[in-house]
Peer 1: 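Here you go, one structure.
When a residue number appears, it is its place in the shown sequence, counting from 1. Source: prediction; values computed, not measured.
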Amino acid sequence: MRPRFLLWVRHVAAVLIFIVAVGAALAVGLLTPYFLAARTANIPLLTISAITSFGLLTWAGIKLALSCWGTDRKSLAAIMSGLLTIIFLGWLYIVVLRPSGSHFAEVVPYGNTRYWQLPTGSVIAYSEYDPRQGVALKPEAIVYLHGGPGVRQGPFDQDIYGGFAANGFRVFLYDQAGSGLSGFLPHLQDYTVARSVADLEAIRQKIGVEKMILIGHSWGSTLAASYMAKFPTHVAKTIFHSPGLIWRLESGEDYDMSRTDVGRLGLPGLRLLAALFLRGRNPEAAEKLVPQLESEILVVPSFRQTLGSVVCKGDFNRLPNDLIGALDGHENPGVNPYVLQEIIPDTEHADGDPHAALRENRTPAILLYPECNYLSWKGAVDYRRTLTNLKIFYIPRAGHYIQFEQPELLKRVILAFLLDQPDAIPPYTSDADPRSNQQ
């Protein structure tokens, strides 16, 4: 009885050793290319390192498991580890290495799309709206800064902001570098806050105005704040629409989806996840694995699942058809995940923090905070405490994109500010979250 029990124990131990060995080999096989990427961006070499480390560790583990089982057949260990390595290679190719297709869709231009070649090296796509003949031209131009980073300006932005041309403003909406129709930068590391600010200054010079009125949405507000800190004399007014934090976006923002219509947030596929993970070690290797154009295609499924986050609960049907249609079909919406991954951590560097400069800034500004915004209220309070000439307007029953649910109220509040008219609604003056009494 005792020998049979010991044999059973050995067999169980052998099976456990086999399972642990394969699991460890899988982990090592995936981590080896990550650590090796610090020295090389050669994808074939990184792939070989993954396969080799998996195969060797699997062979050693199976050999130990067979020995524990009671057999020491070296050929069996080689055969089993070889088969598992082939399976690992096939899985690695299918989910990570295989390109998404032979052709990746280009972003479709709008009918009014034009291009700037900036002295910074960026190729920027933009749309322009000018006052009709007979309307007196205002000296300041309105420039819209979209969110993301890595998203783009859309028809729903043009509908709202382009309409202010009727009031005498030249209005410009552009896709930031690497986003939408604008050109990709040659290296992922080129996507920085400083580069975004430099591009905006170059755009001001292209437009040919001394001062701009900036309208920043979400991350675009962060960009506007950084631009104001560096070029305070070139900003006439600023509108912060559902703003991201002034700085430290990565560690300081609290997301609250409870008021939004977002469902389960999904992750991108393993191929894109592998590239984004690799980016932290070697951006060149990441882009060699998944080029920027392909990344825009791969991010669509997970981006589609976040759409409900920009409207209030129950208001998914208020999203514009052109936005939903672009993500449901085969059109490339121009959302570049690499831009987000590069710029957000860039705001962690203390030497770029604009707070100190903004405390001396007297530029007239308003901040629009919607009821169903998933970005934290504390960020809005930070803007008011930093910018001494800022008013906050609380917009009820609206999400992150206010125009989807409260377009007329949005236009009234902004237009009153642009034309120096009395406030369309009373400003919100307390530091307490205006939604606290609604919970």
Side-chain angles (χ1 to χ4, degrees), residues 112 126-147 153-174 200-201 203-204 206-218 220-228 231-243 358 361-370 373 380 383-384 387-396 398 400-429:
N112 60 354
Y126 71 98
S127 302
E128 178 178 355
Y129 293 83
D130 297 323
R132 65 179 182 274
Q133 190 173 4
V135 176
L137 183 66
K138 298 282 196 297
E140 304 90 359
I142 294 175
V143 178
Y144 173 71
L145 311 176
H146 65 70
Q153 59 104 354
F156 40 85
D157 298 312
Q158 297 177 19
D159 290 345
I160 288 290
Y161 305 118
F164 295 127
N167 302 101
F169 297 98
R170 296 168 66 203
V171 181
F172 296 87
L173 305 94
Y174 73 97
L200 181 52
E201 171 58 12
I203 287 171
R204 181 193 67 81
K206 282 282 187 181
I207 293 172
V209 294
E210 182 62 26
K211 291 191 174 186
M212 300 180 291
I213 297 172
L214 299 179
I215 301 179
H217 178 254
S218 195
S221 293
T222 306
L223 173 56
S226 292
Y227 181 87
M228 289 171 61
F231 299 102
T233 61
H234 292 318
V235 183
K237 295 179 179 180
T238 305
I239 298 163
F240 301 106
H241 175 172
S242 303
L358 291 176
N361 195 300
R362 295 289 301 167
T363 301
I366 60 172
L367 186 153
L368 311 177
Y369 191 87
N373 193 13
Y383 274 86
R384 177 159 55 201
L387 291 161
T388 57
N389 201 11
L390 176 140
K391 293 180 181 179
I392 293 179
F393 293 97
Y394 175 65
I395 310 297
H400 192 59
Y401 278 85
I402 297 173
Q403 64 260 47
F404 294 161
E405 293 150 298
Q406 292 277 25
E408 295 306 317
L409 180 56
L410 176 65
K411 287 189 286 188
R412 283 173 46 213
V413 172
I414 292 178
L415 192 59
F417 176 66
L418 292 177
L419 301 180
D420 296 318
Q421 296 174 348
D423 296 331
I425 58 176
Y428 186 81
T429 57

Peer 1: Between Tyr174 and Leu145, which heavy-atom pair has the shortest distance, and what is it?
Peer 2: OH-CD2, 3.4 Å
Peer 1: Measure the shortest side-chain to side-chain distance between Phe156 and Phe404 over non-hydrogen atoms and say whether it is less than 4.5 angstrom.
Peer 2: yes
Peer 1: Within the structure provided, determine whether Pro407 and Ile160 are in side-chain contact (heavy-atom separation under 4.5 Å).
Peer 2: yes
Peer 1: Check step by step if side chain to side chain contact (heavy atoms under 4.5 Å, CB included) holds for Ile366 and Asp423.
Peer 2: CA-CA 10 Å; Ile366 60 172; Asp423 296 331; over 6 Å; no
Peer 1: Please determine whether side chain to side chain contact (heavy atoms under 4.5 Å, CB included) holds for the pair Val171 and Tyr144, giving the CA-CA distance in whole Å, both sets of side-chain angles, and the decisive distance to 0.1 Å.
Peer 2: CA-CA 8 Å; Val171 181; Tyr144 173 71; 5.8 Å; no
Peer 1: Return the set of residues passing side chain to side chain contact (heavy atoms under 4.5 Å, CB included) with Gln421 (not counting sequence neighbours), or none when no residue passes.
Peer 2: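 Gln421: side chain to side chain contact (heavy atoms under 4.5 Å, CB included) contacts with Ala416, Leu419.
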Peer 1: Could you check whether Gln158 and Tyr129, counting side-chain N and O atoms only, form a donor-acceptor pair closer than 3.5 Å?
Peer 2: yes
Peer 1: Counting C-beta onward and ignoring hydrogens, is there a side-chain heavy-atom pair between Ile142 and Arg170 closer than 4.5 Å?
Peer 2: no
Peer 1: Calculate, to the nearest 0.5 Å, the distance between atoms OG1 and CE belonging to Thr233 and Met228 respectively.
Peer 2: 11.5 Å
Peer 1: Please report the closest heavy-atom contact between Pro232 and Asn361, naming both atoms and the distance.
Peer 2: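 Closest pair (atom of Pro232, atom of Asn361, distance): CB-ND2, 3.6 Å.
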Peer 1: Which pair of non-hydrogen atoms, one from Leu409 and one from Pro396, has the smallest distance, and what is that distance?
Peer 2: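 Minimum heavy-atom contact is CD2-CD, 4.3 Å.
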Peer 1: Could I get the full list of salt bridge (Lys or Arg N to Asp or Glu O under 4.0 Å) partners for Glu210, not counting sequence neighbours?
Peer 2: none
Peer 1: When the ring centroid of Tyr401 is compared with that of His217, is the distance short of 6.0 Å?
Peer 2: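 When the ring centroids of Tyr401 and His217 are compared, they turn out to be within the sub-6.0 Å range.
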Peer 1: Could you tell me if the side chain of Val143 sits less than 4.5 Å from the side chain of Leu200, heavy atoms only?
Peer 2: yes
Peer 1: Check salt bridge (Lys or Arg N to Asp or Glu O under 4.0 Å) between Glu140 and all other residues, then give those that pass, not counting sequence neighbours.
Peer 2: none
Peer 1: Applying side-chain hydrogen bond (donor to acceptor under 3.5 Å, both in side chains), name anything that partners Tyr369, two or more places apart in sequence or on another chain.
Peer 2: Arg435
Peer 1: With Asp159, which residues qualify under salt bridge (Lys or Arg N to Asp or Glu O under 4.0 Å), at least two apart?
Peer 2: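 Testing Asp159 for salt bridge (Lys or Arg N to Asp or Glu O under 4.0 Å), a comparison that skips the adjacent residues, returns none.
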Peer 1: Name every donor-acceptor pair, under 3.5 Å, that has one atom in a side chain of residues 235-243 and the other anywhere in the protein, sequence neighbours excluded.
Peer 2:
residue: Lys237; atom: NZ; partner: Phe417; partner atom: O; Å: 2.7
residue: Lys237; atom: NZ; partner: Leu418; partner atom: O; Å: 3.1
residue: Lys237; atom: NZ; partner: Asp420; partner atom: OD1; Å: 2.7
residue: His241; atom: ND1; partner: Tyr161; partner atom: OH; Å: 2.9
residue: His241; atom: NE2; partner: His400; partner atom: O; Å: 3.4
residue: His241; atom: NE2; partner: Ile402; partner atom: N; Å: 3.2
residue: Ser242; atom: OG; partner: His400; partner atom: O; Å: 2.7

Peer 1: Locate the shortest heavy-atom distance separating Pro139 from Val209; write the atom from each residue and the value.
Peer 2: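 What the structure gives for the nearest pair is O-CG1, 3.7 Å.
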Peer 1: Once you round to the nearest 0.5 Å, how far does CZ of Phe172 lie from CE of Met212?
Peer 2: 10.5 Å
Peer 1: Quick one: CD1 on Ile203 to OH on Tyr227, what's the gap to the nearest 0.5 Å?
Peer 2: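 Reported value, rounded in 0.5 Å steps: 9.5 Å.
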Peer 1: Do Ile213 and Phe169 make a side-chain contact, defined as non-hydrogen atoms from C-beta onward lying under 4.5 Å apart?
Peer 2: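 Yes; the side chains approach each other to less than 4.5 Å.
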Peer 1: Looking at Pro370, is its backbone amide N or carbonyl O close enough to the side chain of Asn373 to form a donor-acceptor pair, meaning the two atoms are under 3.5 Å apart?
Peer 2: no
Peer 1: Quick one: are Leu390 and Leu367 in side-chain contact, heavy atoms under 4.5 Å?
Peer 2: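 Yes. Closest side-chain heavy atoms under 4.5 Å.
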Peer 1: How many angstroms lie between CD in Gln406 and CD1 in Ile395, if you round to the nearest 0.5 Å?
Peer 2: 7.0 Å
Peer 1: Which atoms form the tightest heavy-atom contact between Asn167 and Lys138, and what is the distance?
Peer 2: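 Smallest interatomic distance, heavy atoms only, reads O-NZ, 2.9 Å.
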Peer 1: How long is the gap from CZ on Arg362 to CG on Leu387, to the nearest 0.5 Å?
Peer 2: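 So the CZ of Arg362 and the CG of Leu387 are separated by 10.0 Å.
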Peer 1: How many angstroms lie between CG in Leu173 and CD in Glu128, if you round to the nearest 0.5 Å?
Peer 2: 10.5 Å
Peer 1: Considering non-hydrogen atoms only, spot the tightest contact between Ala380 and Ile392 and give its length.
Peer 2: O-CD1, 3.7 Å
